[in-house]
A.B. asks: 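Before anything else, here's the structure in question.
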Amino acid sequence: MKEPKDISQELLLKYLSGTASEKENREVREWMSLAPENRDYIDHLQSLWANAQSYSLLDSIDLEENWQAVQSKLGKRTTYRKQLFWKIAATLVFFLTAAFLIKTFLYRPLEWQEFEASEQTTLTLPDGSLVALKAGSQLVYPTQFGDERRVKLKGEAFFEVEHNQETPFVVEADQTETRVLGTSFNLRTAAEFSSLELVLVEGKVSFTSPLEKVVLEPGQRVSLGAGGLLEKTTNTNPNFQAWKTGRLVFENTPMSKVFQDIANAYNTRFELSNEAFGNCTLTARYDQEGLENILRTLEILFNLSFEDKQGTYMVSGGSCQ
């Protein structure tokens, strides 16, 4: 929970202790009505106040005895007005101390850490959720989760989220937000040669862009289409996790799509000099094969040649026969 703004801790504590004026009470109630988060904050304070038995602590302060001790040192006679002043001062000190403790122990800022995967890596998050990160991807996450489990992704990852009905799991990626309670899904952010895409494997998620929101069921995918609108369809690509599983399956698949899937699985890129060759089809299965082995079989099957130019393979030749 975030620390509230536009209202003082002292005013809130006076409200909770019953020492606020009617005007102050009205100010707090108006602030609470502005947002659900404000109401939640008050609920937290009330719980903390009750558990700590704050009033017992306040009652244990013998204000009269303390004042008499000070009075005797000064050699002056006690008056009701001065007694009242010291009682108010002692109460204010208590309020300030309580506010400091609440701010220190209840609202500690999250500590974030950033992980960049130089190779495919699986991370275990503080709640036990697992994240398989594709090489070259980045995940930012807190060392401990608070009222929600929020992480930030750049690249591609497969999430296996621990179920928690009370604490949503949220993934920020490319100005989108994926919100779940417990599920598994593959999420890819936009890159130079690929668009943002989420494929849901199990559970249920809501996916929100700056323009709209959709809810996905298992086996569905969503991507960003023209104008930033969301496109929700049934996932028909068996290779969406090939980067993680090392398994590629093609059934009469056009070569243009074959090269897209290989490129995503191996973090590379292909450019065809013969665009017509992209319409040829391939039926094959590759399991834990290295990229060079796959390209060698394609050379033989389709009379192709590959030239690696700084991470981009230039593909020339090609025949469907």
A.B. asks: What's the shortest heavy-atom distance between Gln113 and Thr143, and which atoms?
C.D. replies: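 That closest heavy-atom pairing would be OE1-CG2, 3.8 Å.
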A.B. asks: Under a 4.5 Å cut-off applied to non-hydrogen side-chain atoms, are Val131 and Leu139 in contact?
C.D. replies: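 SC-SC contact between Val131 and Leu139 confirmed.
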A.B. asks: At what distance, to the nearest 0.5 angstrom, does OG1 of Thr208 lie from CG of Leu230?
C.D. replies: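 Going from OG1 on Thr208 over to CG on Leu230, the span is 8.5 Å.
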A.B. asks: Among Leu200, Val180, Thr178, Val215, exactly one meets side-chain contact (heavy atoms from CB on, under 4.5 Å) together with Phe207. Which residue is that?
C.D. replies: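 Answer after filtering Leu200, Val180, Thr178, Val215: Thr178.
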A.B. asks: Test side-chain hydrogen bond (donor to acceptor under 3.5 Å, both in side chains) on Tyr313 and Glu271; report intermediate values, then the result.
C.D. replies: CA-CA 6 Å; Tyr313 286 90; Glu271 286 190 7; over 6 Å; no
A.B. asks: Is the closest side-chain heavy-atom distance between Phe240 and Thr245 below 4.5 Å?
C.D. replies: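 No; the side chains remain at least 4.5 Å from each other.
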A.B. asks: How close do Pro126 and Pro142 get, counting heavy atoms only, and between which atoms?
C.D. replies: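 Reported closest heavy-atom pair: CG-O, 3.4 Å.
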A.B. asks: When you measure from the side chain of Asn186 to the backbone of Phe159, do you find a donor-acceptor pair of N or O atoms at a distance under 3.5 Å?
C.D. replies: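 Flag not set: sc Asn186 to bb Phe159 has no pair under 3.5 Å.
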A.B. asks: Nearest 0.5 Å please: distance from the CZ atom of Phe158 over to the CD atom of Gln241.
C.D. replies: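 Here the rounded value is 4.5 Å.
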A.B. asks: Atom CD of residue position Glu166 - does it have more than 12 heavy atoms of other residues, nucleotides or ligands inside 6.0 Å?
C.D. replies: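 Not more than 12 within 6.0 Å, no.
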A.B. asks: Side chains of Ser319 and Asn303: do they bring a donor and an acceptor to under 3.5 Å?
C.D. replies: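 Short answer, no.
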A.B. asks: Going by the side-chain contact (heavy atoms from CB on, under 4.5 Å) test, name the single residue among Val214, Leu196, Val205, Thr233 that passes it with Val222.
C.D. replies: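 Of the listed options, the one satisfying the test is Val214.
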A.B. asks: Report, as yes or no, whether the 6.0 Å neighbourhood of atom CD on Gln288 holds more than 12 heavy atoms from other residues, nucleotides or ligands.
C.D. replies: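 Yes.
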A.B. asks: Check for me, please, whether Phe270 and Leu282 land in the same ILVMFWY cluster - side-chain distances under 4.5 Å, paths through other members count.
C.D. replies: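 Yes, same cluster.
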A.B. asks: Under the side chain to side chain contact (heavy atoms under 4.5 Å, CB included) rule, what do Leu187 and Leu153 come out as? Steps first, then yes or no, please.
C.D. replies: CA-CA 9 Å; Leu187 179 60; Leu153 172 69; 3.9 Å; yes
A.B. asks: Report, as yes or no, whether the 6.0 Å neighbourhood of atom CD on Gln175 holds more than 12 heavy atoms from other residues, nucleotides or ligands.
C.D. replies: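 No, because the 6.0 Å sphere around CD of Gln175 holds 12 heavy atoms or fewer from other groups.
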A.B. asks: Is it true that a side-chain atom of Thr189 and a backbone atom of Gly155 form a donor plus acceptor pair closer than 3.5 Å?
C.D. replies: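 Side chain of Thr189 to backbone of Gly155: a pair is present.
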A.B. asks: Under a 4.5 Å cut-off applied to non-hydrogen side-chain atoms, are Phe185 and Val201 in contact?
C.D. replies: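 Contact flag for Phe185/Val201 side chains = no.
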A.B. asks: Is there a donor-acceptor pair closer than 3.5 Å between any side-chain N or O of Arg269 and the backbone N or O of Ala263?
C.D. replies: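 Not confirmed, Arg269 side chain does not pair with Ala263 backbone.
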A.B. asks: Check the pair Leu181, Phe169 against side chain to side chain contact (heavy atoms under 4.5 Å, CB included), reporting the backbone distance first and the verdict last.
C.D. replies: CA-CA 6 Å; Leu181 296 176; Phe169 190 96; over 6 Å; no
A.B. asks: Is a donor on one side and an acceptor on the other found under 3.5 Å between the side chain of Thr253 and the backbone of Glu251?
C.D. replies: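 Here the side-chain-to-backbone pair exists.
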A.B. asks: Could you give the distance from CD (Glu27) to CE (Met32), rounded to the nearest 0.5 Å?
C.D. replies: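 Output value for this atom pair is 13.0 Å.
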A.B. asks: Return yes if a side-chain donor-acceptor contact under 3.5 Å exists between Lys134 and Asn264, otherwise no.
C.D. replies: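 Short answer, yes.
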A.B. asks: Are any side-chain N or O atoms of Arg149 and backbone N or O atoms of Val161, one a donor and one an acceptor, separated by less than 3.5 Å?
C.D. replies: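 Checked: no pair found.
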A.B. asks: Distance check, rounded to the nearest 0.5 Å: Cys320 atom SG versus Leu301 atom CG?
C.D. replies: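 Going from the SG atom of Cys320 to the CG atom of Leu301 covers 12.0 Å.
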A.B. asks: Contact between Phe306 and Glu299 at the side-chain level, heavy atoms closer than 4.5 Å - yes or no?
C.D. replies: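 Side chain of Phe306 against side chain of Glu299, heavy atoms only: contact under 4.5 Å found.
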A.B. asks: Heavy-atom count around Lys154 NZ within 6.0 Å, excluding the residue itself: above 12?
C.D. replies: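 12 or below, so no.
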A.B. asks: Check Arg179 against Pro168 and note the closest heavy-atom contact, atom names and distance.
C.D. replies: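 So the minimum-distance heavy-atom pair works out to NH1-CB, 3.6 Å.
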A.B. asks: Do you know which two heavy atoms are closest between Gln220 and Glu217, and how far apart they sit?
C.D. replies: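 The answer is OE1-N, 2.8 Å.
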A.B. asks: Nearest 0.5 Å, what's the NZ-CG distance between Lys257 and Asp261?
C.D. replies: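 Separation between the atoms: 3.0 Å.
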A.B. asks: Given side chains that start at C-beta, do those of Glu307 and Ser316 come closer than 4.5 Å, heavy atoms only?
C.D. replies: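 Not touching, per the 4.5 Å side-chain cut-off.
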A.B. asks: So, does Thr124 use its side chain to make a donor-acceptor pair with the main chain of Leu130 at under 3.5 Å?
C.D. replies: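 Not a single qualifying donor-acceptor pair exists.
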A.B. asks: Tell me, do Phe302 and Met255 make a side-chain contact under 4.5 Å, heavy atoms counted?
C.D. replies: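 SC-SC contact between Phe302 and Met255 confirmed.
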A.B. asks: Salt bridge check: are Glu24 and Arg26 linked by an N-O gap of less than 4.0 Å?
C.D. replies: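 No, Glu24 and Arg26 are not salt-bridged.
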A.B. asks: Could you check whether any side-chain N or O of Glu289 sits under 3.5 Å from a backbone N or O of Tyr286, counting only pairs where one atom can act as donor and the other as acceptor?
C.D. replies: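 It does not hold such a pair.
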A.B. asks: Would you say the side-chain atoms of Asn235 pair up with the backbone N or O of Val199, donor to acceptor, closer than 3.5 Å?
C.D. replies: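 Such a contact is absent between Asn235 side chain and Val199 backbone.
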A.B. asks: Do Met314 and Leu295 share a hydrophobic cluster (ILVMFWY, side-chain heavy atoms under 4.5 Å, transitive)?
C.D. replies: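 No, separate clusters.
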A.B. asks: Walk me through it: do Thr122 and Leu133 pass the test side chain to side chain contact (heavy atoms under 4.5 Å, CB included)?
C.D. replies: CA-CA 6 Å; Thr122 297; Leu133 279 172; over 6 Å; no
A.B. asks: Any side-chain to backbone donor/acceptor pair from Asn164 onto Thr167? Under 3.5 Å, distance only.
C.D. replies: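 Side chain of Asn164 to backbone of Thr167, a donor-acceptor pair under 3.5 Å: yes, one is there.
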A.B. asks: Please report the shortest heavy-atom distance between Leu248 and Ala265, naming the atom on each side.
C.D. replies: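 Taking every non-hydrogen atom into account, CD2-CB, 4.5 Å.
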A.B. asks: Would Glu22 and Arg29 count as a salt bridge (Lys or Arg N to Asp or Glu O under 4.0 Å) if you check the C-alpha gap in whole Å, the side-chain angles of each, and the deciding distance to 0.1 Å?
C.D. replies: CA-CA 10 Å; Glu22 181 55 36; Arg29 288 193 294 268; 3.0 Å; yes
A.B. asks: Could you tell me whether Arg150 and Glu177 make a salt bridge, using a distance below 4.0 angstrom between a side-chain N and a carboxylate O?
C.D. replies: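 Yes, this pair counts.
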A.B. asks: Should we count NZ of Lys204 as having more than 12 external heavy atoms under 6.0 Å?
C.D. replies: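 Not more than 12 within 6.0 Å, no.
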A.B. asks: Would you sort out whether Trp243 and Gln120 count as a side chain to side chain contact (heavy atoms under 4.5 Å, CB included), showing the intermediate values?
C.D. replies: CA-CA 9 Å; Trp243 65 270; Gln120 184 176 318; 3.9 Å; yes
A.B. asks: Output the distance between atom CG (Leu224) and atom OG (Ser209), rounded to the nearest 0.5 Å.
C.D. replies: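 So the gap between those two atoms works out to 6.5 Å.
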A.B. asks: Should the pair Phe259 and Phe277 be assigned to parallel (<30°), tilted (30 to 60°) or perpendicular (>60°) ring geometry?
C.D. replies: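 Plane angle between 30° and 60°, so tilted.
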A.B. asks: How about Asp127 and Ser129: does a side-chain donor come under 3.5 Å of a side-chain acceptor?
C.D. replies: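 Indeed, the side chains of Asp127 and Ser129 share at least one donor-acceptor pair under 3.5 Å.
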A.B. asks: Are the side chains of Leu298 and Ile262 in touch, meaning some heavy atoms are under 4.5 Å apart?
C.D. replies: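 They are in side-chain contact.
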A.B. asks: Are a donor atom and an acceptor atom from the side chains of Gln144 and Glu111 found within less than 3.5 Å of each other?
C.D. replies: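 No, because no side-chain N or O of Gln144 sits under 3.5 Å from a partner of the opposite role on Glu111.
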A.B. asks: Could you check whether any side-chain heavy atom of Asn239 comes within less than 4.5 Å of a side-chain heavy atom of Val249, counting everything from C-beta outward?
C.D. replies: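 A side-chain contact under 4.5 Å exists here.
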A.B. asks: I'd like to know if the side chain of Thr121 reaches the main chain of Glu119, judged simply by a donor and an acceptor atom lying under 3.5 Å from each other, with no hydrogens or angles considered.
C.D. replies: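 Confirmed, Thr121 side chain pairs with Glu119 backbone.
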